[in-house]
Amino acid sequence: MSSKHVTSFKGITGWIDQRLPIFTLMQNEYGSFPTPRNFNYLWNFGAISLFMLLLMIGSGVVLAMHYTADTHLSFNSVERLMRDVNYGWLLRYMHMNGASMFFLAVYIHLFRGMYYGSYKEPRELLWILGVLILFLMIATAFMGYVLPWGQMSFWAATVITNLMSAIPLVGDPIVTWLWGGFSVDNPTLTRFYALHYLLPFVIFGVVFLHIAALHVCGSNNPLGIEPKSEKDTLPFHPYYTMKDTFGLCVFLMLYAVFIFWMPNALGHPDNSIPANPMMTPPHIVPEWYFLPFYAILRSFTIDIGIPFTHIVLISSKLGGVILMVTSIAVGFVLPWLDTSPVRSARFRPLYRIFFWVFVADSILLGYLGSQPPEGIYVIISQIAMAYYFAHFFLVIPLLSKYEKPLPVPKSIHEAIGSGA
Amino acid sequence: MSHSSNPSLAKPGQEPDPDRRDFIFIAAGAMGAVGTAVTLWPFIASLGPAADTLALSTTEVDLGKVEPGQAITVMWRGKPVFIRNRTPEDIQAAQAIDKDAGQFNGLRDPETDETRVKQSAFGDKKMPNWLIMVGVCTHLGCIPMGQKATDMKGDFNGWFCPCHGSNYDTAGRIRKGPAPKNLAIPAYTFLTETQIRIG
Ligand code: HEM
Ligand code: FES
């Protein structure tokens, strides 16, 4: 062997590591990996998200062993899981509420990145991979929700796939192709199941790249300045392995409250009614984690066309779809919209305020997404939607130009008065 | 692509012919692309409607028991089809719009009542009372209400979609709300005066 790598491990571990340096890799990336010493608890949510992904895969694989993807059998196979399979109820409630907790963790993780400017140079690609993960998660959760084949499953699938019909000219053939027929039916269910099984592993792959990119440039931190010396960092283990474990335990307690005391609080009762293609429920609402996007989708209510003719360039349906996709895809360009050299909102007095206004706006959109699209709700949705985009395309670029940041500390250890 | 990257192929003292190289390279690449596309096609096509799905594409319905003013819903291709035996008032209300408003005014998807029911005929006999439509809202695919006597029928006494509030008139034309098109008319034929085949 002409390997230049000489392992520092002994015994069997050393024998393996000499031939396949996985232990050295783990040691470098998760053991001695120098990590800024000033993380706050918001830095727990990356590790929590990864844990949730693995938990979703674990619970999903076992659910899959009891689940049948067939329009005549799916609903009952899930009911059997709930009533007859040993601990089936627990596995299902873990998976159902796990999806919610996974999104909760990822949303906190993402807003953390926005507050502390983690998307800025040199972490743009890291951030972009994160936005990609969010898209994949949305697709996965949407298709998973269809599997139990309740009323909400069926109608969510119908309404969302119908969005594609907004595409000019090829819209209808695309929808027929997506369905594998002329309505959401068995072919749709079986392909959603196949993809629901596949996509989490794709997510896992992208998460791997996300973490690999992180380990090239290192973590950001609440001050948003790069560590300059050893005084600014701590080895990942034991400091952050412990802090992450503690945060994870607290998070899991909240998760357990949902699983054991209010397992259906986040779900919709209509999904306990078997799917009925002949009857639409009076109110179609998506899961909470999709509500802001749903509100944006519905906020576009006019057709844009050539005046005084019947030619419609962008129908309200198409407009809504474009807005909804853009509301997430805007993340891809965020690193270039925000050109302020200062990362952390701690030193950006105005950005800090607008950040919280944006958070409030997102929550407001979530509330509006749960309300019927009538009367005053429509108008408020439109204002909230307009502000959502204004935040990215107006507020952020203008602040980058005109905001006067506070002086940034020279180093992490100086700022926190330790390690000196 | 530069030929100098592989000088070993040129005979000593002779420059390789760059045009020939590029040609071979492009031809090979094009073959590869065509091959990939051809191989990919079955994967994509397999997701479209299968033969058995297409075979279920016709449904026969007996209309004998549907009195004027009544409506029935039947399943066709996994979707509801609305069949309404319209009263003379329903038809008048629909036709009034054709005339009153002129063909293009007030209608988002302009169609006369006559075109909506042109397939409702047996031999020479026209039967505009039979309005037969796919009962799927053209907005995002919910099922509008208005089939049952007790249902809400919306502002135009036809159908009302509860999802986002589309109102359809007695010819199934979109009159108010977000839906872009009139309720679709499937292909159907009258086999007898009271028997139809949809699809
Ligand atoms: C990114 C990770 C995942 C997310 C966000 C996710 C999300 C969901 C959601 C929201 C449901 C509907 C729960 C319900 O209302 O009953 C569901 C169901 C299901 N998922 Fe997943 N899932 C993930 C990973 C997986 C994996 C990896 C598998 C299989 C290996 C899987 C298998 C299933 C099965 C069989 C069901 C139907 C049973 C049921 O509805 O409880 N999931 N998933
Ligand atoms: S689906 Fe009927 S109004 Fe939206």
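Just so it is clear: chains get the letters A, B, ... in the order the sequence lines come, proteins before strands, and each one is counted from 1. The model shown is predicted, which means the values in this text are computed figures rather than measured ones.
- Every residue meeting the side chain to side chain contact (heavy atoms under 4.5 Å, CB included) condition with B:Lys126, not counting sequence neighbours, appears here in chain and number order: B:Glu114, B:Pro128.
- Using a 4.5 Å cut-off between heavy atoms, A:Pro277 contacts chain B through both its backbone and its side chain.
- Side-chain contact check for A:Met278 versus B:Ile143: every heavy-atom pair is 4.5 Å or farther apart.
- In this structure, CE in B:Met145 is found 9.5 Å from OG1 in A:Thr280, a value given to the nearest 0.5 Å.
- For residues 117-149 of chain B, the set of pairs meeting the disulfide bond (SG atoms under 2.5 Å apart) definition, not counting sequence neighbours, comprises B:Cys142-B:Cys163.
- When each of A:Pro173, A:Pro372, A:Ser183, A:Ser165 is checked for heavy-atom pairs under 4.5 Å with chain B, A:Ser183 comes out on top.
- The environment of B:Leu40 atom CG is dense: over 12 non-hydrogen atoms of other residues, nucleotides or ligands sit within 6.0 angstrom.
- Looking at B:Val74, the atoms closer than 4.5 Å to chain A (heavy atoms on both sides) all sit in the backbone: N, CA, C or O.
- Near-neighbour residues of residues 287-300 of chain A relative to chain B, defined by a heavy atom under 4.5 Å from a heavy atom of that chain, comprise A:Tyr294, A:Arg298.
- Residue-environment remark: CZ (A:Phe393) exceeds the threshold of 12 foreign heavy atoms within 6.0 Å.
- Using non-hydrogen atoms only and a strict 4.5 Å limit, the part of residues 142-159 of chain A facing chain B consists of A:Trp155, A:Thr158, A:Val159.
- Residues A:Trp179 and B:Thr53 have side chains not in contact (no heavy-atom distance under 4.5 Å, counting atoms from C-beta outward).
- Taking both residues in full, the closest heavy atoms of B:Leu140 and A:Asn162 are given as O-ND2, 3.1 Å, listed atom of the first, atom of the second, then distance.
- Heavy-atom minimum distance, B:Ile44 versus A:Trp177: O-NE1, 2.7 Å.
- Residue A:Tyr387 places its OH atom among more than 12 non-hydrogen atoms of other residues, nucleotides or ligands, all under 6.0 Å distant.
- With a threshold of 4.5 angstrom between heavy atoms, A:Ile284 approaches chain B through side-chain atoms but not through N, CA, C or O.
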